[in-house]
Amino acid sequence: MHTADRRVVLGLHRSRHRRDVLTGALDLGVTAIDTASNYLHHRSHHVLGEVAGDLLPKFSISTKVGYFEDEHSLSPARLRGAVEKTVNDLGREPDALLLHNPEHSAPNAEVLWQACAVLAGAAEKGRCGAWGISTWDPRPLVGLDVPRPDILMVRSGLLVSSGVLDAAEALVTAWRPTRVRGMSPFGGSVTDPVWQKFDPRMFLRTSDATPIQAAFRVAFELPGVEAVAVGTDDTEHLRELCGGLEHEIDADVLRAYWQLLRQSA
Ligand SMILES: NC(=O)c1ccc[n+]([C@@H]2O[C@H](COP(=O)([O-])OP(=O)(O)OC[C@H]3O[C@@H](n4cnc5c(N)ncnc54)[C@H](OP(=O)(O)O)[C@@H]3O)[C@@H](O)[C@H]2O)c1
């Protein structure tokens, strides 16, 4: 059993929610999981409670609300219902509850503020440990004001466009979240042809990393985040990711890359 390392968050978006993967994660010191009410065909919370109810107290659980069976919604009444359903289905309060991709509802300032206020209120009442916002495309949210979130979750890594990176940084500056978390470091797939076209190890000072470790390591820097939610249903893959966290980034190469991204945008 390794000591807990909160930098790696096991994301359950593509997961089959297998118990052995969860126990494998704990053995590796990965004690944070990230899910959402709509994952696993809207059954993630329920299945987690069923398959691994006894393990859940060992994890820090973040989850998200905003996707309902029929549509995405920021309706305060529906969000309040989703908070209660989350607690019931999981059998415990989540450590963090995030508003899921609010940009999908094209919110104006008032709608977004009220939706956030529901989650902030849930945290105040102890229905979740912390609250925040998870956004796949932060660009439509720039310029909208929200109560100060505990967590902001944004895409991170080498496949993120400069527009999305700049928008994420603008939200960090404007919203001042206590913690910023990255997600989807491989854009959902390591078999996408783009990963054959270059070697992510060019961003490291060290030479003994695997390309996947290098891409994962860069996801902590583009933009700067303290933890990254990554998906895997394979404990050996998770071991590989955890084994590459200490590789040193070549800051000059990274800076040049970000500048190049901006110029080409
Ligand atoms: N808007 C949102 O809130 C949002 C959107 C997207 C994602 N997320 C969060 O971010 C998490 C991760 O995103 P994601 O799953 O879409 O994408 P991802 O983490 O970029 O990629 C997951 C893929 O990478 C593969 N992989 C991981 N480690 C590997 C390794 N060492 N070797 C080979 N393949 C490896 C996995 O395959 P194997 O299973 O074979 O290892 C899986 O197919 C999600 O689960 C979710 O928690 C949030």
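Please read all numbers here as calculations on a predicted model, not as lab measurements. Atoms within a ligand are numbered from 1 in the order they appear, just like the ligands themselves.
At a 3.5 angstrom cut-off on N or O pairs, Leu238 does not count as close to ligand 1. For ligand 1, none of its N or O atoms has an N or O atom of Asp234 under 3.5 Å away. The shortest N or O to N or O distance between Gly188 and ligand 1 is under 3.5 Å. On a distance-only criterion, Gly187 and ligand 1 share at least one N/O pair closer than 3.5 Å. Residue Met153 places no N or O, backbone or side chain, under 3.5 Å from any N or O of ligand 1. Distances between N or O atoms of Thr35 and those of ligand 1 include no value under 3.5 Å. Between Val190 and ligand 1, a contact under 3.5 Å exists for no N or O pair.
Under the 4.5 Å side-chain heavy-atom criterion for Ile, Leu, Val, Met, Phe, Trp and Tyr, Ile151 and Val230 are members of distinct hydrophobic clusters. Trp136 and Val225 are not part of a single hydrophobic cluster, where members link through side-chain heavy atoms under 4.5 Å apart. Put simply, Leu260 and Phe198 are part of two different groups of oily side chains (I, L, V, M, F, W, Y) that touch within less than 4.5 Å, one to the next.
The side-chain heavy atoms of Val142 and Asp166, taken from C-beta on, include no pair separated by under 4.5 Å. At a threshold of 4.5 Å between non-hydrogen side-chain atoms, the residues Leu152 and Val154 count as touching. Taking 4.5 Å as the limit, every side-chain heavy atom of Trp113 sits out of range of all side-chain heavy atoms of Asn108. The side-chain heavy atoms of Pro94 and Val87, taken from C-beta on, include a pair separated by under 4.5 Å. Side-chain contact check for Trp131 versus Ile133: some heavy-atom pair is nearer than 4.5 Å.
Residue Arg155 does not touch ligand 1, judged by heavy-atom distances below 4.0 Å. Using a 4.0 Å cut-off between heavy atoms, Asn101 contacts ligand 1 through its side chain alone, with no backbone atom that close. Using a 4.0 Å cut-off between heavy atoms, Ser134 contacts ligand 1 through its side chain alone, with no backbone atom that close. The proximity of Leu12 to ligand 1, defined as any non-hydrogen pair under 4.0 Å, is limited to the backbone. When heavy-atom distances to ligand 1 are checked against a 4.0 Å cut-off, Tyr39 comes that close only through its side chain, counted from C-beta outward.
Between Lys125 and Glu93, no side-chain nitrogen of the basic residue sits less than 4.0 Å from a carboxylate oxygen of the acidic one, so the salt-bridge criterion is not met.
Asp233 places a side-chain N or O within donor-acceptor distance of the main-chain N or O of Arg16, the cut-off being under 3.5 Å.
Side-chain atoms of Tyr67 and His104 include a donor-acceptor pair closer than 3.5 Å.
Within ligand 1, counting atoms from 1 as listed, the ones closer than 4.0 Å to a heavy atom of Ile212 are 30 (C), 31 (N), 32 (N), 33 (C). Distances below 4.0 Å separate heavy atoms of His100 from the following atoms of ligand 1: 1 (N), 2 (C), 3 (O). The ligand atoms of ligand 1 that sit less than 4.0 angstrom from a heavy atom of His13 are 16 (O), 44 (C), 45 (O), 46 (C). Using a 4.0 Å cut-off to heavy atoms of Arg14, the atoms of ligand 1 that qualify are 14 (P), 15 (O), 16 (O), 17 (O). The Asp34 neighbourhood of ligand 1 comprises atoms 9 (C), 46 (C), 47 (O), with distances under 4.0 Å to a heavy atom of that residue.
Relative ring orientation between Phe203 and Tyr257 is described as perpendicular, the plane-to-plane angle rising above 60° on a 0-90° scale split at 30° and 60°.
Summary of contacts: the protein heavy atom closest to atom 28 (N) of ligand 1 is Leu241 CD1, 3.5 Å. For atom 31 (N) of ligand 1, the closest non-hydrogen atom on the protein side is Glu240 OE1, 3.0 Å. Nearest protein heavy-atom contact of atom 4 (C) of ligand 1 is Met183 SD, 3.1 Å. Nearest to atom 42 (C) of ligand 1 among the protein's heavy atoms is Gly231 O, 3.5 Å.
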